[in-house]
Undergrad: 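Have a look at this one.
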Amino acid sequence: MTTIADTLSEHQTLERYGAGRILFREGDDPLGVYVVHNGQVDLLFSGKNGNAKALRTAEDGQIIGLSCVVSHRRHDCSATTKTTCELGFIDRETFLEQIDHSPAIWFSVLQMLSQDVNSCYDCMRSITAARA
């Protein structure tokens with residue numbers, strides 16, 4: 001099965017990062033998307049007290065920064081490599097051009113964003129259940 005990462009492989013710049021590398025910070029303008037080929041990337045957001053809170057960990061095949069690139073919003077979380085990683089980077093303009101020319105890529109993007117929304121609902125349910 002071909003994934004969106006496979007479809008966009010010719011447009012990616014591959015790079016290896018050591019653990020602890022900051023890819024972007026919450027509030028930064030999105031420069032593009034990262035495709036996780038190997039390794040894990042922690043996504044963190046600032047809590048009310050300013051301390052970083054874990055949101056989730058991205059793993060092989062996942063795309064980081066997708067919603068902010070598509071929505072033209074600043075990053076709503078920070079991304080830091082948890083392990084040594086091999087990541088593909090696609091700049092914002094190239095990524096948007098590619099999805100503009102391919103209904104299959106648009107559909108994959110829609111599926112990924114829908115999964116993120118559903119994950120948020122699941123988190124909200126678990127928070128609500130824990131408080132009850």
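Numbers here simply count residues along the sequence, with the first being 1.
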Undergrad: Do L31 and F89 pass the side chain to side chain contact (heavy atoms under 4.5 Å, CB included) test, and can you show the C-alpha distance, the side-chain angles, and the key distance before you say yes or no?
TA: CA-CA 9 Å; L31 302 176; F89 178 77; 4.2 Å; yes

Undergrad: Which heavy atom in F45 sits nearest to a heavy atom in D76, and how many Å separate them?
TA: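 For F45 versus D76, the nearest heavy atoms are CB-O, 4.1 Å.
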
Undergrad: Hey, does V41 have a side-chain heavy atom less than 4.5 Å from the side chain of C85?
TA: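 Touching, per the 4.5 Å side-chain cut-off.
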
Undergrad: Measure across C68 and R74 and return the closest heavy-atom pair with its distance rounded to 0.1 Å.
TA: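 For C68 versus R74, the nearest heavy atoms are SG-O, 3.4 Å.
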
Undergrad: Pairing donors with acceptors under 3.5 angstrom, does anything connect the side chains of T80 and D42?
TA: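 No, no side-chain donor-acceptor contact under 3.5 Å.
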
Undergrad: Which pair of non-hydrogen atoms, one from E26 and one from L44, has the smallest distance, and what is that distance?
TA: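 It is OE1-O, 4.3 Å.
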
Undergrad: Side chains of T83 and Q40: do they bring a donor and an acceptor to under 3.5 Å?
TA: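 On atom types as modelled, these side chains do not qualify, holding no pair under 3.5 Å.
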
Undergrad: With the side chain counted from C-beta on, respond yes when L14 and L87 share a heavy-atom pair under 4.5 Å apart, and no when they do not.
TA: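 No. Closest side-chain heavy atoms not under 4.5 Å.
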
Undergrad: Can you tell me how far the CD atom of E15 sits from the OH atom of Y34, to the nearest 0.5 Å?
TA: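 If we round to the nearest 0.5 Å, E15:CD and Y34:OH are 8.5 Å apart.
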
Undergrad: So, using side-chain contact (heavy atoms from CB on, under 4.5 Å) as the criterion, who are the partners of R73 when residues are at least two apart?
TA: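 Once residues adjacent in sequence are excluded, the partners of R73 under the side-chain contact (heavy atoms from CB on, under 4.5 Å) criterion are S71.
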
Undergrad: How would you list all residue pairs meeting salt bridge (Lys or Arg N to Asp or Glu O under 4.0 Å) that involve residues 81-91, not counting sequence neighbours?
TA: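 Sorted pair list comes back empty.
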
Undergrad: Please examine the side chains of C77 and L43, heavy atoms only from C-beta on, and report whether any two atoms are closer than 4.5 Å.
TA: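 Answer yes - side chains close enough.
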
Undergrad: What closest approach, in Å, do V69 and G32 show between heavy atoms, and which atom pair accounts for it?
TA: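 Heavy atoms only, the tightest pair is CG2-O, 3.5 Å.
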
Undergrad: Rounded to the nearest 0.5 Å, how far apart are CD of Q12 and OG1 of T94?
TA: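 Between atom CD of Q12 and atom OG1 of T94 there are 11.5 Å.
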
Undergrad: Give the minimum heavy-atom separation between I63 and R56, together with the two atoms involved.
TA: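 Answer, listing the atom of I63 first, then R56: O-NH2, 4.3 Å.
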
Undergrad: Which atom pair, heavy atoms only, marks the closest approach of D60 to G39?
TA: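 Closest pair (atom of D60, atom of G39, distance): OD1-N, 3.1 Å.
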
Undergrad: When the ring planes of F24 and H75 are compared, do they come out parallel, tilted or perpendicular, using 30° and 60° as the limits?
TA: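 Rings of F24 and H75: parallel, as their planes differ by under 30°.
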
Undergrad: Is there side-chain contact between L66 and F95, with heavy atoms separated by less than 4.5 Å?
TA: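 In contact.
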
Undergrad: Could you give all pairs that pass the salt bridge (Lys or Arg N to Asp or Glu O under 4.0 Å) test and reach residues 93-103, with sequence neighbours left out?
TA: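 Applying salt bridge (Lys or Arg N to Asp or Glu O under 4.0 Å) to every pair that reaches into residues 93-103, excluding sequence neighbours, yields nothing.
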
Undergrad: Enter the distance from I22:CD1 to Y17:OH here, rounded to the nearest 0.5 Å.
TA: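 It comes to 12.5 Å.
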
